[in-house]
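Read the structure below first, then the notes.
Predicted, not measured: the structure shown is a model, and the values here were computed from it. All residue numbers in this chain count up from 1 along the given sequence.
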Amino acid sequence: PPPAPTPASAPAPAPGPAPDASPTPRAKGADLPEPLFFALVLLERDLARGDHGHSTQRILREIAKLLREGDLETLRFTYRTLLGRLQDPRPDLRRAGELIDHHFAG
């Protein structure tokens, strides 16, 4: 029989995440219906600006977390309250709210 491969002659493992590596938050969000995924993108983009107050950041992070985790049942019952706490939301945040509204209205 041929000799067993040595570490130097063994094929390199395929690139990519380890089998037990958890997916990134965006990868989890990719399973969402398109309007909710787009709402998540808008929320994350706005959060990345980093110029919100603590309260607004907390609200946006909570909504984004619910979307990333696919917890649509909790989102259904909380997003209006959470978004209603935002003072003078930017157009992207208003649009994210409209997308979430549209999803649950249909």
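Here OG1 of Thr78 is found 6.5 Å from CD of Glu62. Values are rounded to the nearest 0.5 Å. For the atom pair Ile63 CD1 and Leu86 CG, the distance stands at 6.5 Å (nearest 0.5 Å). How far CZ of Arg95 is from CG of Asp46: 14.5 Å, rounded to the nearest 0.5 Å.
Taking all atoms of both residues into account, the shortest heavy-atom contact from Leu82 to Ile59 is O-CG2, 3.4 Å. The two residues Gln57 and His52 have their closest heavy-atom pair at NE2-O, 3.2 Å. In terms of heavy-atom proximity, Arg61 sits nearest to Arg68 at O-NH2, 4.4 Å. Scanning both residues, Leu72 and Leu36, for their nearest heavy atoms gives CD2-CD1, 3.7 Å. The minimum heavy-atom distance linking Leu93 with Pro89 is given by the pair CB-CB, 4.0 Å. Here the shortest heavy-atom pairing between Ala96 and Leu42 reads N-CD1, 3.9 Å.
In this structure, Arg49 does not pair ionically with Asp92, as no charged nitrogen and carboxylate oxygen lie closer than 4.0 Å. Between Asp71 and Lys65 there is no salt bridge, since no side-chain N of the basic residue sits under 4.0 Å from a carboxylate O of the acidic one.
Hydrophobic clustering (side-chain heavy atoms under 4.5 Å, transitive across Ile, Leu, Val, Met, Phe, Trp, Tyr) groups Leu43 together with Leu66. Both Leu75 and Leu40 belong to a single network of hydrophobic side chains, linked directly or stepwise wherever heavy atoms of I, L, V, M, F, W or Y lie under 4.5 Å apart. In the hydrophobic cluster analysis, where Ile, Leu, Val, Met, Phe, Trp and Tyr join through side-chain heavy atoms closer than 4.5 angstrom, Phe37 is grouped together with Leu83. Ile100 and Phe38 sit in two unconnected hydrophobic clusters of ILVMFWY residues. Membership requires side-chain heavy atoms under 4.5 Å apart, directly or through other members.
A heavy-atom distance below 4.5 Å is found between the side chains of Arg80 and Asp101.
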